[in-house]
J.: 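Let me give you the structure first, and then I'll get to my questions.
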Amino acid sequence: MKPIYLDYSATTPVKQEVLDAMIPYFTEKFGNPSSLYGIGFASKDAIELARSQVAALIGAEDREIYFTSGGTEADNWAVIGAARSRKNKGNHIITTKIEHHALLHTCKALEKEGFVVTYLDVDDNGIVDPAQVKNAITDQTILISVMFANNEIGTLQPIAEIGAIAKENGILFHSDGVQALGNVDIDVRSAGVDMMSMSAHKIYGPKGIGALYIRKGVVIENILFGGGQENKRRAGTENLTGIVGFGKAAELAGKNLNDHIKQVRDLRNYFLEQIRSRIDDISVNGDLEKRLPGNLNLIFNYVEGEALLLHLDIRGICASTGSACSSASFSPSHVLSAMGLPLEKVYSSLRFTVGDFTTKEDLDLVVASLVEIVSKLRELSPFDKDHRMQSTQVLR
Ligand SMILES: *Cc1c(COP(=O)(O)O)cnc(C)c1O
């Protein structure tokens, strides 16, 4: 049985056109882009084409795109590079409690270097309040970093408003755009971002390749040292096949953006309607309007999320508790906790993300499975509807 994949926010399959574009660059077109002969020049040209394809997707200029090893490196570079380059101006960074670990753990590392970080709360819909960003600014603030869209609950943040605040105060503004890319119409100019992180494998491209948009004129320190690649800002022989794949994926995403958004949103809404009509006591985490089109994060009250996940897996259904590491560590989602969700609801939450290869038939099968599994798990649950232990059931 083919698995039903509802975890497109974790990663996506590489589209056939993307793979087809990549293949020649493994074999006959393998030249080092820095080499001064034909196949080297051809590789360089392929990289520059990909750069313009990625730039076009976000309204940037080609020279504002710097390829990295992924979203994680882009986040690291933006925050570390900005902080170190401005340490004579101040030592304060503002971010949020719901960022990806690539951002949060980087901030933690900078705290050890003497930087001071404010981690802002979000409201109970999972959205950052721009007024709080403004209030957190001090004369030491050198960087604001707020994600475009959250990976667990899909909430879209008020980026343009925060960008305007950053600009008024002369503070650099970075946004992790990994989840928003290809799912939201992004224009870096109107968003007012100075830097934005991207990753290919969330938009049907290959893993291990991403990019950082750095607005022209913005200077940050390098974090990788070596050769003069990427306009002397990111050393290391380019991931040629990855870059070509990222470019193709970006081109496809741009061409199909409106259709993709509508298709995925309709499927997500259909899925939610079906679940609502057939399962009691569920609710949605995060704002349902200001949200990525494919994201659904649900609380199945009185059900242990990990148990639900494992039962779904037995039936070949891939979903997620939201944070990729929580399954190993059993630590509760930092995003749901930051929204003020009580622990029992955090542990009852599951993320489903639909994408371009999801079908209505898939969703019908998943709903049928959910109906069965949820009712079984609720029968077994030691908690009643007030979250009190039901001693009779514990003994059974
Ligand atoms: C996936 C993800 C990343 C990390 O990107 P990689 O390319 O996997 O390193 C960073 N931020 C967000 C919001 C993500 O969803």
Side-chain angles (χ1 to χ4, degrees), residues 5-14 18 50 54 57-58 65-80 95-109 119 122 126-128 145-157 159 174-184 186 191 193 195-213 223-224 234 236 239 241-243 245-247 249-250 253 286 291-297 318-327 333-336 338 351-355:
Y5 186 74
L6 296 182
D7 205 13
Y8 281 83
S9 274
T11 193
T12 56
V14 170
V18 172
V54 172
L57 185 57
I58 61 168
I65 304 297
Y66 297 87
F67 290 110
T68 65
S69 63
T72 298
E73 186 191 322
D75 281 349
N76 273 257
W77 183 15
V79 176
I80 296 173
T95 187
T96 80
K97 289 184 181 169
I98 64 164
E99 300 298 311
H100 191 275
H101 283 141
L103 204 294
L104 289 178
H105 291 173
T106 303
C107 287
K108 288 283 169 216
Y119 301 90
V122 290
I127 295 183
V128 179
S145 180
V146 176
M147 70 200 318
F148 227 100
N150 181 265
N151 45 300
E152 291 191 32
I153 51 177
T155 46
L156 304 177
Q157 303 302 330
I159 293 303
H174 166 256
S175 183
D176 178 333
V178 172
Q179 290 289 333
L181 192 72
N183 288 307
V184 175
I186 298 178
V193 293
M195 298 179 282
M196 190 176 78
S197 304
M198 295 169 268
S199 177
H201 75 97
K202 308 279 172 80
I203 64 160
Y204 309 93
K207 294 167 182 62
I209 183 72
L212 182 63
Y213 156 79
I223 59 168
L224 283 184
R234 198 280 185 182
N239 177 353
T241 51
I243 290 171
F246 188 10
R291 192 184 193 95
L292 291 171
N295 175 292
L296 194 56
N297 191 307
C318 313
S320 160
T321 51
S323 56
C325 10
S326 71
S327 48
S333 153
H334 66 283
V335 174
L336 299 178
R351 179 186 74 180
F352 301 92
T353 41
V354 304

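The first residue of the sequence shown is numbered 1, and numbering continues consecutively from there. Note that ligands are numbered from 1 as they come in the structure, with each ligand's atoms numbered from 1 the same way.
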J.: For atom 11 (N) of ligand 1, grab the closest protein heavy atom and report residue, atom and distance to one decimal in Å.
T.: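 The answer is D176 OD2, 2.6 Å.
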J.: For ligand 1, which atoms have a heavy atom of H201 less than 4.0 angstrom away?
T.: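 Checking each atom against H201, I get 6 (P), 7 (O), 8 (O).
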J.: Could you check K108 against Y119 for side-chain contact (heavy atoms from CB on, under 4.5 Å), going step by step and ending with a plain yes or no?
T.: CA-CA 11 Å; K108 288 283 169 216; Y119 301 90; 3.7 Å; yes
J.: Which residue and non-hydrogen atom of the protein lie closest to atom 6 (P) of ligand 1, and at what distance in Å?
T.: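 Its nearest protein heavy-atom neighbour is G71 N, 3.5 Å.
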J.: Report, in ascending order of atom number, the atoms of ligand 1 lying under 4.0 Å from any heavy atom of N151.
T.: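 Selected atoms, number and element: 13 (C), 15 (O).
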J.: For Y5 and A10, work out which heavy atoms get closest and say how close.
T.: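 That would be OH-CB, 4.2 Å.
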J.: With heavy atoms of G70 as the reference, note each atom of ligand 1 found under 4.0 Å away.
T.: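 Close to G70: 7 (O).
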J.: Show me which atoms of ligand 1 lie under 4.0 Å from any heavy atom of Q179.
T.: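 Taking each heavy atom of Q179 in turn, ligand 1 has 13 (C), 14 (C), 15 (O) under 4.0 Å.
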J.: Can you name the residues that form a ring pair (Phe, Tyr, Trp, His ring centres under 6.0 Å) with F67, not counting sequence neighbours?
T.: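 F67 satisfies ring pair (Phe, Tyr, Trp, His ring centres under 6.0 Å) with no residue once adjacent residues are dropped.
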J.: Can you pull out the closest protein heavy atom to atom 3 (C) of ligand 1? Residue, atom name and distance to 0.1 Å, please.
T.: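 Residue, atom and distance for the closest contact: H100 NE2, 3.6 Å.
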J.: Taking the side chain from H100 and the backbone from T72, do they hold a donor-acceptor pair closer than 3.5 Å?
T.: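 No, the answer is negative, given that no donor and acceptor are paired below the 3.5 Å cut-off.
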J.: Please determine, by modelled atom types, if E152 and S333 share a side-chain donor-acceptor pair under 3.5 angstrom.
T.: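 Present: a donor and an acceptor within the cut-off.
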J.: Pairs of nitrogen or oxygen atoms closer than 3.5 Å, one from T72 and one from ligand 1: do any exist?
T.: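 In this structure, T72 places an N or O atom under 3.5 Å from an N or O of ligand 1.
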J.: Find all atoms of ligand 1 within a distance of less than 4.0 Å from any non-hydrogen atom belonging to V178, and give their numbers and elements.
T.: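 Selected atoms, number and element: 1 (C), 2 (C), 10 (C), 11 (N), 12 (C), 14 (C), 15 (O).
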J.: Among all protein heavy atoms, pick the one closest to atom 7 (O) of ligand 1 and tell me residue, atom and distance.
T.: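 Residue, atom and distance for the closest contact: S199 OG, 2.7 Å.
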J.: Could you pull out all residues at least two apart from A253 that satisfy side-chain contact (heavy atoms from CB on, under 4.5 Å)?
T.: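 Result, side-chain contact (heavy atoms from CB on, under 4.5 Å) vs A253: L57.
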J.: Taking 4.0 Å as the limit for heavy-atom contacts, which would you say applies to K207 with ligand 1: side chain only, backbone only, both, or neither?
T.: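 No part of K207 comes within reach of ligand 1.
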J.: Using the ring of each side chain (for Trp, its six-membered ring), is Y8 parallel, tilted or perpendicular to Y204, with breaks at 30° and 60°?
T.: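 Ring orientation of Y8 relative to Y204: tilted.
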J.: Which residue and non-hydrogen atom of the protein lie closest to atom 14 (C) of ligand 1, and at what distance in Å?
T.: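 The answer is K202 NZ, 3.0 Å.
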J.: Whether the side chain of T155 engages the backbone of G126 through a donor-acceptor N/O pair (distance < 3.5 Å, no angle test) should be reported.
T.: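 Yes, because the side chain of T155 sits within donor-acceptor range (under 3.5 Å) of the backbone of G126.
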